[in-house]
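Report on one structure; see the data block that follows.
Hydrogens, waters and symmetry mates are skipped; everything else that's a heavy atom, side chains included, is used. Order of appearance sets the numbers: ligands from 1, and atoms from 1 within every ligand.
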Amino acid sequence: MTNFLIQCSFNRILHRVLDLLEFMCGIIGYVGKASAAPILLEGLRRLEYRGYDSSGMAVMDAGNVLATRKKSGRIANLKALIAENPVSGSCGISHTRWATHGEATDANAHPHLDASGRLALVHNGVIENYQTIKRRLLEEGHVFLSQTDSEVLAHLIGRVYDAITGADPRRRLVAAVREALKQVSGTYGIAVMHADAPGFIVGARLGSPLIVGLGKGENFLASDVSAIVSHTTNAVYLQDRDLVYLTEDEFTVENVDGDESAYEVSKIDFTPEQAEIGDFPHFMLKEIFEQPTSIQNAFRGRLNDDHASAVLGGLGLTPRELRDVERIVLCGCGTASHAAMVGEYMIEHLARIPTEVEIASEFRYRNPPLDKNTLVFVISQSGETIDTLSALREGQRKGHRVLGVVNSVGSTIARESDGGSYLHSGPEIGVAATKSFTSQVTVLALLALLLGRMRHLSIDDGQRLLREIRELPGKVERILEQSDYIREIALKYIDAPGMLFLGRQFNYPTALEGALKMKEISYIFASGHAAAELKHGVIALVSPEVPSVFIMPKDAVYEKNVSTVEEVKARRGPVIAVTTQGHTDLERIADDVIYIPEVHECLSPILSVIPLQLLSYHFAVARGCDVDKPRNLAKSVTVE
Ligand code: AGP
């Protein structure tokens, strides 16, 4: 009994600690001539996919009064609060929070104030030594209104600020932020304002993204360009340990040691419309239907008909260096790791180079033996996933070239990689990755083609692949036309307590991806398996209530899959089959059949995943789930 009590108290402490740390949140700051509140609210709305437990803002008016409004729940709650109790001023910072455990409360929402109530801070990240700092501040009489680590950082900066005398308030605030950040360990992306320094915002980053948006007579600070793209397309992506301060007319980038820090102004590579939901009910559906275009963008300008090969100039490797590659490691998390698995099968099939996938969080600790001719790739839609970033840094520490397959231009992974290829998918707002998966697989197919044509792949095989890659967008269009039919199938199984996804060879990773889509937006248990594994235990889960989804295009293992379908049917398990059009024999045994166009077996996951995306989308919507903001998740996991 004693042990049980100890365990319970430990769990309670653990939940309280985890409840207090700020994970993947959204930040936007504005300084200019316009009213800040509407701009901040609009930015928060665009950032809501990053976190949506609570939100708030601090705005400074002409009288240098710092007004704060914050509210638990969705951005709409904050908007209503501000409508009742408006704030005025043309300089402000704001935040949308994503907590991991426990209820989000108004008190834990950002911004947090310092002891004087004249300094406001918003924070994305984890201050790991906040308890030690808090104890010291409590001894000095500080009173905390929340239990968060972020409020402790606000108090620490305020304490340092108050201890600096004489200097201009702006210089004092910069010095206070710099000094306080030297005392903390962990990660941060912060924006700070002080009532003594109107029209002035200080920002800093370590491990959490922060971007400066450069406008005309106005400037922005944001954790993600989607928050500011409707105001400017000129952005400065801050690096770790950068510190920035900005007014409406200028900005300065230094590092936390006070030295000038080099920066470059980048163009945001998508339009405001691309970051808008348009006529779709959800971003996820919009992005599923964008795939004909996003796949096209992934291979546009990268097909070389003369050589029956691909062109990936961003890799920064000479043909000789590419020919010397003896082993490839592909790292990623979640959907990106599933795309990596397809990449493994494609590279080994087309280029005969030993390739393996490492879950990024494992790679960085597993310390696998890699030799000098091993090429490491990191795959990430957001380019900010901390596990993948850490794998990149670990690979580089061991002297390997680490190349990125990334969607977000200017993201940390993109900037720290030794080269790579962008997906050019446009912003992926829906938390469930869809178009990024098919674009990642497309880019990896190009890589496999390039490497294969430098080795044993014939020109005929290369030309066939080029032809098939070009045909992908049209084939995806044809699958998307079945959305209503797939919705009917989803409704048929709406009460299923769980779902199995089964595939072989190139479509084993597709099965994993289909299961992830289903579980992360509908919250039912779903698992993906290599189909032959069914008889090694998984089949115990087969029952009339649990449908099995088979991804089984007409390929070399099709007949094997048919046998496995029979095994499920023999146990009265419902079967949904995704197969190649024209093979109607499956209608004899499967309960539902979704057809996809004929395609090269290497490329089949790009087509076979579409029905799974639609199935999970319609299933989750029918169950009343918020497919764009599924519970407990966030779009970019920027903490370990
Ligand atoms: C996939 O639907 C999830 N959103 C999640 O698994 C995601 O793929 C993973 O967190 C990796 O994200 P990244 O591609 O941005 O690095």
Report task. Between Lys517 and ligand 1, find which residue part has any heavy-atom pair under 4.0 Å and reply side chain, backbone, both or neither. Result ->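 Side chain only.
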Query raised in the report: Between Val431 and ligand 1, is there a nitrogen or oxygen pair with a distance under 3.5 Å?
Result: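 Among all N and O atoms of Val431, at least one is under 3.5 Å from an N or O of ligand 1.
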Requested in this report: May I ask you to check whether Glu520 has an N/O atom sitting below 3.5 Å from an N/O atom of ligand 1?
Outcome: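 Glu520 vs ligand 1: N/O contact under 3.5 Å present.
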Considering non-hydrogen atoms of the protein only, which is the closest contact for [atom], and what is the distance?
atom                    : answer
atom 10 (O) of ligand 1 : Val637 CG2, 4.0 Å
atom 12 (O) of ligand 1 : Thr385 OG1, 3.5 Å
atom 6 (O) of ligand 1  : Gly334 CA, 3.2 Å
atom 11 (C) of ligand 1 : Cys333 O, 3.4 Å

Contact atoms of ligand 1, heavy-atom distance to [X] under 4.0 Å:
X      : result
Ala432 : 2 (O)
Ala433 : 1 (C), 2 (O)
Gln381 : 13 (P), 14 (O), 15 (O), 16 (O)
Ser382 : 13 (P), 15 (O), 16 (O)
Thr335 : 1 (C), 2 (O), 6 (O), 8 (O)

Query raised in the report: Should the pair Glu513-Lys517 be classified as a salt bridge under the 4.0 Å nitrogen-to-oxygen rule?
Result: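 Judged by the 4.0 Å cut-off on N to carboxylate O distance, Glu513 and Lys517 do form a salt bridge.
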Query raised in the report: Is the ring centre of Phe220 less than 6.0 Å from the ring centre of His231?
Result: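 Ring centres of His231 and Phe220 closer than 6.0 Å.
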Compute whether any side-chain donor of one residue and acceptor of the other, for [X] and [Y], lie under 3.5 angstrom apart.
X      : Y      : result
Asn507 : Ser604 : yes
Tyr422 : Asp269 : no
Gln291 : Gln613 : yes
Asn407 : Lys435 : no

Requested in this report: List the steps, then state whether side chain to side chain contact (heavy atoms under 4.5 Å, CB included) holds for Val599 with Ile606.
Outcome: CA-CA 9 Å; Val599 69; Ile606 296 171; over 6 Å; no
**Report entry** Arg205 charged N/C atom sitting above Tyr188 aromatic ring, 6.0 Å / 45°
**Finding:** no
